[in-house]
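Every number for a ligand or one of its atoms is a count from 1 in the order of the listing. Quick caveat: nothing in here was measured; it's all calculated off a predicted structure.
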Amino acid sequence: MKAAYENDNIFAKILRGDIPCHKVYEDDDAIAFMDVMPQSEGHVLVVPKAASRNLLDADPGILATIAPLLQKLAIAAKSAFGADGISLMQFNEGAGGQTVFHLHFHIIPRYDGVPLQAHGRGMEDPDVLSANAEKLRAALAA
Ligand code: 5GP
């Protein structure tokens, strides 16, 4: 049976403003904020506002609007953090590695010779997240 979207997932709460985030960007279709358990310095999440669990049940029109934003954030993150590359990741259902069931994309700056930290490794210092969000906002504005 197909799994249903559940309104009480953590990203739905962030989208409703029920819980805070270190916001980097927002428009009518999407929001971007820092991942609280970054797998590398500058790990940011891009979250479409429309409700879907993941890629499998997403409206293709939403995917079309999000692609240019992923590019924009990837370019900004590479610049903001002096990264050597970017990994774009997206997981679908538990078997696919997904832990939060609202569609989202990971933009993860990569540094030569530096392996990724584990998924969900532990909470980053909020001051670091805040500073990194500011760096990304500045790179987006540049
Ligand atoms: P998934 O495994 O579903 O693709 O990734 C979910 C991501 O959300 C993980 O990288 C995790 O660190 C992040 N995350 C989980 N809870 C929160 C939260 O409350 N706030 C933020 N900003 N990120 C979260």
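With ligand atoms numbered from 1 in the order given, ligand 1 contributes 2 (O), 3 (O) to contacts under 4.0 Å with heavy atoms of Gln98.
Between Phe33 and Phe11, the ring-plane angle classifies as perpendicular under the 30° and 60° cut-offs.
Contact record, Leu69 with Tyr25: CD1-CE2, 3.4 Å, taken as the closest heavy-atom pair. Of all non-hydrogen atoms in Ala76 and Ala139, the two that sit nearest each other are O-CB, 3.5 Å.
For atom 15 (C) of ligand 1, the nearest non-hydrogen atom of the protein is Met37 CE, 4.0 Å. Nearest non-hydrogen protein atom to atom 8 (O) of ligand 1 is Phe11 CZ, 3.3 Å. Annotation: atom 19 (O) of ligand 1 to nearest protein heavy atom, Ile10 CG1, 3.4 Å. Regarding atom 2 (O) of ligand 1, its nearest protein heavy-atom neighbour is His119 NE2, 2.6 Å. Among all non-hydrogen protein atoms, the one lying nearest atom 17 (C) of ligand 1 is Val36 CG2, 3.6 Å. In terms of protein heavy-atom proximity, atom 22 (N) of ligand 1 is nearest to Met34 O, 2.9 Å. Ranking protein heavy atoms by distance to atom 12 (O) of ligand 1, first place goes to Asp35 OD1, 2.5 Å.
For His104 and His102, the distance between ring centers is not under 6.0 angstrom.
No part of Met89 comes within 4.0 Å of ligand 1, judged by heavy-atom distances.
Residues Asp29 and Ile62 form no side-chain contact, since every pair of their non-hydrogen atoms from C-beta on lies 4.5 Å or further apart.
In this structure, Phe101 has no heavy atom closer than 4.0 Å to ligand 1. At least one heavy atom of His104 sits less than 4.0 Å from an atom of ligand 1. Residue Gly97 places a heavy atom under 4.0 Å from ligand 1. Gln90 does not count as a contact of ligand 1, since none of its heavy atoms falls under 4.0 Å from the ligand.
Some N or O of Val100 is nearer than 3.5 Å to an N or O of ligand 1, by distance alone.
The CG atom of Leu136 sits 14.5 Å away from atom NZ of Lys23, with the distance rounded to the nearest 0.5 Å. Here the CG-CE distance, from Asn132 to Met34, works out to 5.0 Å after rounding to the nearest 0.5 Å. Atoms OG and CZ, from Ser40 and Arg110 in turn, are 7.0 Å apart once rounded to the nearest 0.5 Å.
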*Stepwise side chain to side chain contact (heavy atoms under 4.5 Å, CB included) check, Asp84 with Val114*: CA-CA 10 Å; Asp84 300 302; Val114 180; over 6 Å; no

